[in-house]
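To start, the structure under review is shown below, and the notes come after it.
Since the model is a prediction, treat every value here as computed from it, not as a measurement. We name chains A, B, ... by the order of the sequence lines, and we start the count at 1 in each one.
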Protein chains: 2
Amino acid sequence: MFKKFKIPEATVGRLTSYSRFLKEADEKGISTVSSQQIAKATGVTPAQVRKDLAYFGEFGTRGVGYNPRELYNYIMKILGLDRRWPVIIVGAGRLGAALSMYRGFAERGFDIAGIFDVDPEKIGRKIGDIEIRPVEELAERVKEHSIKLGIVAVPAASAQEVVDIMVDAGIKGIINFAPVNVSVPEGVVLRRVDLASQLEYLTFHLGESR
Amino acid sequence: MFKKFKIPEATVGRLTSYSRFLKEADEKGISTVSSQQIAKATGVTPAQVRKDLAYFGEFGTRGVGYNPRELYNYIMKILGLDRRWPVIIVGAGRLGAALSMYRGFAERGFDIAGIFDVDPEKIGRKIGDIEIRPVEELAERVKEHSIKLGIVAVPAASAQEVVDIMVDAGIKGIINFAPVNVSVPEGVVLRRVDLASQLEYLTFHLGESR
DNA sequence: ACAAATTTGTTAATTTTTTAACAATGTCCC
DNA sequence: GGGACATTGTTAAAAAATTAACAAATTTGT
Ligand SMILES: NC(=O)c1ccc[n+]([C@@H]2O[C@H](COP(=O)([O-])OP(=O)(O)OC[C@H]3O[C@@H](n4cnc5c(N)ncnc54)[C@H](O)[C@@H]3O)[C@@H](O)[C@H]2O)c1
Ligand SMILES: NC(=O)c1ccc[n+]([C@@H]2O[C@H](COP(=O)([O-])OP(=O)(O)OC[C@H]3O[C@@H](n4cnc5c(N)ncnc54)[C@H](O)[C@@H]3O)[C@@H](O)[C@H]2O)c1
């Protein structure tokens with residue numbers, strides 16, 4: 001599709017920011033934006049914006065700038081968001097429930113296509129209009145709907161076990177919210193989100209000025 | 001305190017991982033660990049572990065390794081976690097509620113010291129044993145308890161407004177969960193956590209194999 | 001039509017981060 | 001006590017990412 005030799009990890013995150021700004025600009029009826037404006041709005045340098053885009057092609061016009069809608073569409077395609085993605089969540093606790101109801105996912109093309117848990121108390125209940133199902137049904141559902149994405153929101157002690165079940169079922173991309181390192185086989189993309197660590201980043205830097 | 005010339009941003013995140021492993025090792029009664037073992041458990045290279053630590057001092061013994069408890073204590077000190085930190089949360093919605101109840105924060109030294117919202121329906125209710133208070137009371141509470149850390153869990157449209165209130169009150173480190181760029185003055189550390197973007201990282205990489 | 005002003009895409013330079021290499025130090029075993 | 005082995009701290013090399021610079025393309029004003 002696009003040349004994907006070696007894209008800096010951070011570029012992907014910035015593309016998300018750019019796309020959000022571009023969508024807003026388009027909705028305001030703006031017909032051209034410069035790398036300067038994109039940079040200002042997203043907190044990076046104009047050179048960075050152009051460099052990031054250059055990995056994937058030429059999307060602007062010299063002397064003019066970019067068309068927001070057009071560039072937005074390109075970026076969404078680069079990110080793989082020119083389609084909708086079903087996502088399963090394992091762990092219907094507080095975090096799992098919050099994520100299940102998060103409208104921001106749907107806005108970016110992600111549909112919650114299943115919530116699983118082991119707690120008999122929770123199975124059968126609904127979060128929004130999705131019923132919590134036992135983990136035993138996970139594989140069937142993943143296969144039936146060719147689901148590729150999963151979110152792990154179970155306690156740390158169960159995270160690896162859940163990841164293994166997901167991988168066996170055919171999940172190819174996983175976000176793990178449990179504060180523990182889990183391993184996945186080649187070909188499965190894993191991302192850990194450690195919220196306590198985010199706070200620690202702050203305290204580390206506050207410490208600098210002591 | 002420590003020399004802090006220029007520490008890679010990623011180092012801070014890795015220190016969190018190391019510390020978690022070291023705590024476990026210590027609790028198992030293990031008396032020495034090597035950079036090799038730390039690396040294996042946290043998914044990095046041994047050289048990386050030693051380099052990360054070298055920014056801050058010498059914590060091991062050549063030919064031997066590190067004492068888990070000792071190194072754990074050092075790292076916690078480096079991260080600024082040799083004390084407890086009160087944290088306020090603004091936005092008592094689904095995410096704010098989940099975060100308020102998250103035991104993982106307390107385990108790392110963070111205490112939820114206030115939850116604020118504007119919704120009259122929510123003010124006065126309790127999450128766990130903390131009462132949701134109106135945002136108007138934020139400044140008073142922050143000043144009274146010298147609170148330095150805040151979490152923003154309000155809709156994107158209100159994020160900047162809330163950040164401004166926090167900064168005015170004296171908050172020095174902020175985590176923003178709203179999918180929007182907000183700005184803070186010099187001297188305030190800001191971190192954005194964009195969960196949709198995490199999923200997009202996955203779809204981007206899944207796209208590679210198409 | 002042409003000069004001045006913009007703004008991109010791309011290449012080069014710089015900076016930052018990671019990885020590798022190895023001398024210094026310590027343990028273990030005979 | 002000495003040689004084989006292990007493991008750190010540190011320096012050097014390599015790789016990756018960011019920033020800067022500038023030629024090419026476009027628009028605007030005269
Ligand atoms: N609550 C937060 O704000 C928050 C923030 C960051 C990280 N986390 C992490 O996310 C995870 C979930 O946190 P939480 O607060 O929602 O916890 P929780 O205890 O409220 O929910 C965990 C859920 O997982 C289910 N579960 C346990 N083992 C399971 C298994 N093997 N298969 C399927 N489901 C299983 C439990 O029944 C429960 O419903 C934890 O690892 C936590 O550290 C939570
Ligand atoms: N729910 C999730 O899992 C999730 C995940 C990632 C990011 N987010 C982001 O976190 C934020 C909160 O999400 P949510 O799902 O909890 O939304 P929510 O609507 O459930 O809660 C938002 C809360 O903020 C309060 N609020 C609004 N304006 C305020 C103001 N000016 N001052 C104080 N409080 C105010 C509202 O009264 C409400 O209680 C959003 O920006 C969302 O995009 C949510």
- For atom OH of Y18(A) and atom C1' of dT8(C), their distance in whole Å: 14 Å

- Message: In whole Å, I'd like the distance from the CD1 atom of I7(B) to the P atom of dT17(C).
- Response: 9 Å

- Looking at residues at least two apart in the chain, or sitting in another chain, which of them share a side chain to side chain contact (heavy atoms under 4.5 Å, CB included) with A106(B)? R84(B)

- Item | Distance in angstrom units between K6(B) NZ and dT17(C) C1', rounded | 10 Å

- Query: What residues form a salt bridge (Lys or Arg N to Asp or Glu O under 4.0 Å) with R191(A), not counting sequence neighbours?
  - Reply: E9(A)

Only pairs under 3.5 Å count here: list side-chain donor-acceptor contacts from residues 40-50 of chain A, not counting sequence neighbours, and write none if there are none.
residue, atom, partner, partner atom, Å
T42(A), OG1, I38(A), O, 2.8
T45(A), OG1, Q48(A), N, 3.2
R50(A), NH1, S35(A), OG, 3.0

- Item | Closest non-hydrogen atom pair between V142(A) and A169(A), with its separation | CG1-O, 3.5 Å

- Calculate the interatomic distance between D52(B) atom CG and dT18(C) atom C1'; express it in whole Å. 10 Å

- Item | Side-chain N or O of Q48(B) closer than 4.0 Å to phosphate OP1/OP2 of dT19(C) | yes

Got a list of side-chain donor-acceptor pairs under 3.5 Å for residues 157-166 of chain A, not counting sequence neighbours?
residue, atom, partner, partner atom, Å
Q160(A), OE1, S183(A), N, 2.9
Q160(A), NE2, D164(A), OD1, 2.9
Q160(A), NE2, S183(A), O, 3.1

- Note on the structure: Per-nucleotide protein contact along nucleotides 3-9 of chain D, 5' to 3', at a 4.0 Å heavy-atom cut-off (B base, S sugar-phosphate only, - neither), is ---BBBB

- Length of the NZ-P vector between K51(A) and dA13(C), whole Å: 14 Å

- Message: Going by salt bridge (Lys or Arg N to Asp or Glu O under 4.0 Å), name the residues that satisfy it together with E137(A), two or more places apart in sequence or in a different chain.
- Response: R133(A)

- Message: Without decimals, in angstroms, what is the distance between Y55(B) OH and dT10(D) P?
- Response: 13 Å

- Could you check how far CD of E9(B) sits from C1' of dT18(D), rounded to whole Å? 14 Å

- Spacing between E70(A) atom CD and dT8(C) atom P, to the nearest angstrom: 14 Å

